[in-house]
Amino acid sequence: MATVALAFSGGLDTTVCVPLLKEEYGYDEVIGVNVDVGQPTEEFDEAEETAEALGLDIHVVDAKAEFADLCYDAVKANATYQGYPLGTALARPVIAEAILGVAEEEGCDAIAHGCTGKGNDQLRFEAVWRGSDLEVIAPVRELGLTREWEIDYAAEKDLPVEAGDGGVWSIDENIWSRAVEGGKLEDPNYEPPEDIYEWTAEPEGETTIEVAFEEGVPVAVDGEAMDPVPLIQHLNEYAGGYGIGRTDVMEDRMLGLKVRENYEHPAATVLLTAHQALEDLVLTKNERSFKKGIEQEWSEKAYQGLVFAPVVDALDAFIDETQDVVTGTATVKVSGGNCRVVARDSEYAVYSEEMASFNTEDVAGIAQEDATGVAKYHGLQERLANDVKQSVSKPELATDGSGEADEK
């Protein structure tokens, strides 16, 4: 008996995939897999109800802890993509690994998803799955399905379909971010209504939040130690109440399409801001400069769903080496939807208040006048280059009316 494991959310795409995998692909049994990375409870309830109505065996895998660990890797890498904290992109490899695990445990012959051929998720899922021996199936992409066709097909088959939020917005939520797209948001000139937001309130009021880190990893908020998942959930609720973590961005997808995305990410905003501030205190200038390139490459690979790539292991090795000293606290002020650093402290600070003070004459035995020689050399090559340009005369060019220049 041929069996296929399906990434199943209970939405329109994955619901229509269930009968299509049997009718069009000839599979005898479809196993649904739903992976918990922090979605709302009602989403799982709806998926369970839909699966029951379809007669679909569904497995729910709790991967919140694994996902939170990857989010903390992203904090250490100060990972953002085109100005916003990565969320959906980080979740997909975790989800894909969990689904693959179920497929292998159940002895499936194939593994399937309901992604279209236009988005990023098809690539992120398949980058994980194609490392296995299982056949990879993408019915929506391979059959060229449109949403209108799926709605008609669901009605014809009397499938238990819920479009989600009245079909107005497409929403992807996990503990790290909440992404909203579709509908009128596809018009870049359309101002989003306030009701698209759930995690963040209208910006008002202000407070400070102190985050403690140990070797680059957040371990406490305002003096209270917390494990990763509850710490992230706490900051989403607390900082979100001050309007922190909204992003409206024109995003370039992997396949070249430019799309408008709206994100909410209060905890990610606070933790990334605090972590960067602490790094600025404890890392040397050369470390900070070189790490920027490492962070850019890490973020690009994470956006592509390639966090398992060998190059990411190498990037992680450098990042982890720098995080040995990223231990201490950073305090941010959240006000009016903005999050900014107001204090930082670490025993590893590459900083001396005495040396930096204008009231101190010498620095580590170096007198101020010792800098005169350095000042004379500083910019010497640039001054020389400018002098050379001014001293060399260039030949004048004239034309005879033919459009071709002749040298005089």
Side-chain angles (χ1 to χ4, degrees), residues 65 67-80 84-87 90 175-177 199-200 203 205-245 265-292 294-295 298-299 316 318-357:
F67 179 51
D69 288 343
L70 183 57
C71 292
Y72 276 12
D73 286 343
V75 170
K76 291 192 289 185
N78 296 317
T80 61
Y84 72 90
L86 292 163
L90 292 176
I175 60 171
W176 198 237
S177 77
W199 286 9
T200 55
E206 69 175 33
T207 190
T208 57
I209 302 172
E210 182 188 79
V211 182
F213 293 84
E214 289 183 4
E215 297 186 358
V217 175
V219 294
V221 174
D222 292 330
E224 182 179 352
M226 300 182 192
D227 289 333
V229 172
L231 188 149
I232 293 169
Q233 292 172 329
H234 166 71
L235 282 178
N236 276 333
E237 181 177 354
Y238 187 42
Y242 292 89
I244 301 304
H265 38 73
T269 298
V270 171
L271 293 177
L272 286 166
T273 302
H275 179 266
Q276 181 69 73
L278 192 55
E279 276 197 345
D280 292 347
L281 178 66
V282 302
L283 297 186
T284 64
K285 178 182 177 181
N286 287 337
E287 287 175 311
R288 292 171 65 184
S289 177
F290 189 79
K291 190 169 182 283
K292 292 296 182 186
I294 299 293
E295 292 168 356
W298 198 100
S299 299
D316 282 337
F318 174 83
I319 292 171
D320 287 341
E321 181 67 24
T322 65
Q323 300 306 291
D324 284 348
V325 295
V326 187
T327 296
T329 61
T331 302
V332 299
K333 176 171 283 189
V334 294
S335 174
N338 296 312
C339 178
R340 62 186 178 89
V341 177
V342 293
R344 72 283 284 164
D345 181 60
S346 173
E347 60 182 343
Y348 293 101
V350 185
Y351 171 78
S352 168
E353 183 176 352
E354 181 181 358
M355 290 183 183
S357 174

List the residues meeting side chain to side chain contact (heavy atoms under 4.5 Å, CB included) with [X], not counting sequence neighbours, and say none if there are none.
X      : result
Ala343 : Thr331
Val341 : Thr273, Ala277, Val332, Arg344
Lys285 : none
Phe290 : Ile294, Phe318

With sequence neighbours left out, what residues match Glu210 under side chain to side chain donor-acceptor pair (under 3.5 Å)?
->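 Counting only residues at least two positions away or on another chain, Glu210 forms no side chain to side chain donor-acceptor pair (under 3.5 Å).
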Non-neighbouring partners of Asp316 that pass side chain to side chain donor-acceptor pair (under 3.5 Å), sequence neighbours left out:
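Expected list: Trp298.
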Over all atoms of both residues, closest heavy-atom pair of Val211 and Pro218 =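 Minimum heavy-atom contact is CG1-CB, 4.3 Å.
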| Shortest non-hydrogen separation from Ser346 to Thr327 and the atoms involved |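 The answer is OG-O, 2.6 Å.
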What residues, two or more places apart in sequence or in another chain, satisfy ring-ring contact (aromatic ring centres under 6.0 Å, His included) together with [X]?
X      : answer
His265 : none
Phe67  : none
Tyr84  : Tyr263

I need the [X] [atom1] to [Y] [atom2] distance, nearest 0.5 Å.
X      : Y      : atom1 : atom2 : answer
Leu86  : Cys71  : CG    : SG    : 9.5 Å
Thr269 : Leu235 : OG1   : CG    : 10.0 Å
Met226 : Gln233 : CE    : CD    : 10.5 Å
Gln276 : Leu283 : CD    : CG    : 8.5 Å
His275 : Gln323 : NE2   : CD    : 3.5 Å
Glu215 : Thr322 : CD    : OG1   : 10.5 Å

Can you sort out the partners of Glu206 under salt bridge (Lys or Arg N to Asp or Glu O under 4.0 Å), two or more places apart, ordered by chain and number?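 Partners of Glu206 by the salt bridge (Lys or Arg N to Asp or Glu O under 4.0 Å) criterion, ordered by chain and then number, come out as Lys333.
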task = Under the salt bridge (Lys or Arg N to Asp or Glu O under 4.0 Å) rule, collect the residues that match up with Asp222, sequence neighbours excluded.
result =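 None.
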- [ ] May I ask you to decide if the ring planes of His234 and Tyr238 are parallel, tilted or perpendicular, using 30° and 60° as cut-offs?
- [x]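 Parallel: the ring planes of His234 and Tyr238 meet at under 30°.
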| Trp176 vs Ile232, side chain to side chain contact (heavy atoms under 4.5 Å, CB included): CA-CA, chis, key distance, verdict | CA-CA 7 Å; Trp176 198 237; Ile232 293 169; 3.8 Å; yes
One thing to verify: whether Lys291 and Glu295 come together as a salt bridge, which I'm taking to mean a side-chain N less than 4.0 angstrom from a carboxylate O.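 Judged by the 4.0 Å cut-off on N to carboxylate O distance, Glu295 and Lys291 do form a salt bridge.
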Any ring pair (Phe, Tyr, Trp, His ring centres under 6.0 Å) pairs touching residues 319-341, not counting sequence neighbours?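 Of all non-adjacent pairs touching residues 319-341, none passes ring pair (Phe, Tyr, Trp, His ring centres under 6.0 Å).
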request  = Begin with the C-alpha distance, continue with both residues' side-chain angles, and end with the deciding distance and a verdict on side chain to side chain contact (heavy atoms under 4.5 Å, CB included) for Thr207 and Tyr242.
outcome  = CA-CA 8 Å; Thr207 190; Tyr242 292 89; 3.5 Å; yes
